[in-house]
Amino acid sequence: MNTKLIYSGIADVQTECLVAIVLDHNTDSSKEANPDHKVASNDKALADAVADVLASGDITGKSLETNLLHSPKGLKAKRLLIVGGGKAQKFSADDIRKIAGTAARFVKGKNLKSLAIAVPDATSVSAANAVRAIVEGVFVGDFDPNYYQSDRKDQRIDDLAIVAAANAEKKALDSALELGRVIGESQNFTRDLVNEPGNKMTPAILGQRAKKMSDEVGLKCEVFSTEKLHELKMGSFWSVSQGSAEPPALIVMTYEPKVVKNGGPVIGLVGKGVTFDTGGISIKPADGMEKMKYDMAGGAAMIGAMRAIALLKPNVKVIGIVCAAENMPSGTAQKPGDVQFAMNGKAIEIINTDAEGRLVLADGLCYARQLGCTHLVDAATLTGACVVALGYVNAGIFANNEDMYSRFSKAQQEAGEKFWRLPLDDEYREMIKSGIADIVNSGGRWGGAVTAAKFLQEFVDDKPWIHLDIAGVAWMEENKPWIAKGPSGIAVRSLVEFVKGW
Ligand code: BES
Ligand code: MN
Ligand code: ZN
């Protein structure tokens with residue numbers, strides 16, 4: 001997608017479809033039925049063009065409501081798409097991102113290939129933040145998961161123009177556009193990986209995709225397999241792969257800033273890359289098992305984040321580690337009752353072979369520390385229990401360190417992604433005690449998201465750490481106006497924002 005900024009008056013913008021945002025300025029909640037709509041722009045011609053339709057009462061101004069005008073009065077644009085932005089008082093960059101995604105999906109639905117979006121300059125969101133949100137939103141909206149349909153129409157958007165005020169700070173808007181593009185493309189890169197079915201996304205293929213991307217953006221990337229797992233004594237990670245004909249992949253991506261501060265932080269991003277999770281010998285029911293192709297979404301998020309990091313060049317060293325394996329039942333698969341040794345020597349009694357994500361991450365977290373990471377973040381589609389707790393709205397976040405938590409919390413808000421904190425009290429540790437080994441890999445039914453996190457905590461030592469359980473939000477269960485059903489690319493934006501903050 002070509003993206004550009006234009007600074008002419010809106011009246012002169014020639015486009016298939018111009019997009020404008022309408023906000024409700026009525027602050028009196030008792031007069032709900034009497035909205036006070038204004039277009040979120042200081043451009044006189046745009047205000048004139050929408051005056052009649054606003055006066056007609058056709059527009060409710062509800063968030064993400066769309067209305068289309070053809071040959072709008074006084075504008076050179078062929079169409080004017082008016083998108084509702086909700087209450088002016090609460091309007092944020094996140095609304096802009098969703099509006100831009102909605103506009104992109106609307107335009108694609110009409111088989112158009114280009115659009116122009118007017119920067120909402122009559123709001124409290126800065127023009128630069130608005131530009132970034134528009135670009136991110138359009139990239140998100142442009143993604144379609146119907147990759148393998150033989151009649152797939154190539155409905156991608158070719159051109160996005162963003163119309164800013166003539167007196168805008170051009171430099172700031174240029175870099176906001178570039179930032180939005182890098183992040184939007186990286187989020188879609190992650191979604192592409194997650195979208196692939198298990199037969200087209202094996203651990204080895206995930207490694208190849210990470211390597212190819214790394215070469216393109218100038219990241220160091222090494223991909224190891226079974227031998228290296230043995231060499232590093234990653235018995236926990238290896239045990240998940242042992243039942244599969246597909247060898248595991250240990251993907252290590254390293255970003256070094258130009259100036260490395262001695263003793264400065266090294267951030268480790270560790271992702272679960274289970275390319276298909278049958279459950280293993282503790283096999284899952286057939287119903288819905290096809291969805292377990294997205295069990296590598298945490299790893300894919302780390303790969304997408306590393307892509308963005310390589311392009312944005314923040315001043316901190318970051319190591320991305322993805323532990324990729326396929327969890328299969330077979331004659332060589334691990335069995336309930338087996339005991340495995342993780343890299344740090346801890347003995348794990350396997351209670352349920354379907355609790356495999358924590359097994360691959362255990363060694364990934366140890367390895368990150370061995371490579372010198374001082375701060376750890378992991379992301380995983382780890383537990384169904386997290387979905388039971390938080391549904392499809394919030395991902396779970398766990399933290400053993402308040403500074404890490406507040407940094408991430410700030411980043412997620414900035415990025416417009418939702419995470420809700422869950423506890424790590426010591427009492428939960430009791431639930432993963434083993435009679436034969438140090439710990440069990442399944443703490444049973446109750447508090448399953450927490451006991452999984454407690455398991456991971458055994459492998460982070462005293463390092464500041466946050467754990468993201470994205471099981472419920474890595475896959476959109478239905479189409480939304482701003483994003484298609486399918487892989488969401490959750491965590492990429494927050495992770496990039498988090499790293500940029502150091
Ligand atoms: N990959 C699943 C978790 C999952 C569930 C992801 C739903 C996405 C949607 C994970 O490997 C798993 O199977 N977890 C088990 C753990 C249990 C056996 C302790 C679970 O949550 O049921
Ligand atoms: Mn599982
Ligand atoms: Zn899994």
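Counting convention: from 1, in listed order, for ligands and their atoms alike.
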* Would you confirm whether the ring centroid of Trp465 sits within less than 6.0 angstrom of the ring centroid of His375? => no

* Asked: What N/O/S atom of Asp295 is the closest to the Zn ion (ligand 3)?
  -> OD2

* Does Arg421 pair with Glu402 as a salt bridge, N-O distance under 4.0 Å? -> yes

* Any Lys/Arg nitrogen of Glu458 or Arg429 sitting under 4.0 Å from an Asp/Glu carboxylate oxygen of the other? -> yes

* For Asn352, atoms of ligand 1 separated by under 4.0 Å from a heavy atom -> 18 (C)

* For ligand 1, which atoms, with element, lie under 4.0 Å from some heavy atom of Ser442? -> 19 (C)

* To do: For ligand 1, note which part of Met292 has a heavy atom under 4.0 Å away: side chain, backbone, both or neither.
  => side chain

* **Proximal ligand 1 atoms for Lys272, defined as those under 4.0 Å from one of its heavy atoms** => 1 (N), 10 (C), 11 (O)

* **Name, closest N/O/S atom of Asp277 to the Zn ion (ligand 3)** => OD2

* Asked: Can a cation-pi geometry be assigned to Lys110 and Phe106, taking NZ or CZ under 6.0 Å from the six-membered ring centre and within 45° of the ring axis?
  -> yes

* Which atom of Glu356 approaches the Zn ion (ligand 3) most closely (N/O/S) -> OE2

* Asked: At a 4.0 Å threshold, what atoms of ligand 1 neighbour a non-hydrogen atom of Arg358?
  -> 16 (C), 19 (C)

* To do: Answer yes or no: is there an ion pair linking Asp461 with Arg369, defined by an N-O contact shorter than 4.0 Å?
  => yes

* Asked: Which atoms of ligand 1 are found less than 4.0 Å from any heavy atom of Glu356?
  -> 11 (O)

* With the threshold set at 4.0 Å, does a side-chain nitrogen-carboxylate oxygen contact exist between Arg307 and Glu185? -> yes

* Of all the atoms in Lys272, is at least one N, O or S atom closer to the Zn ion (ligand 3) than 2.8 Å? -> yes

* **Residue among Val270, Asp469, Leu365 satisfying side chain to side chain contact (heavy atoms under 4.5 Å, CB included) with Leu456** => Leu365

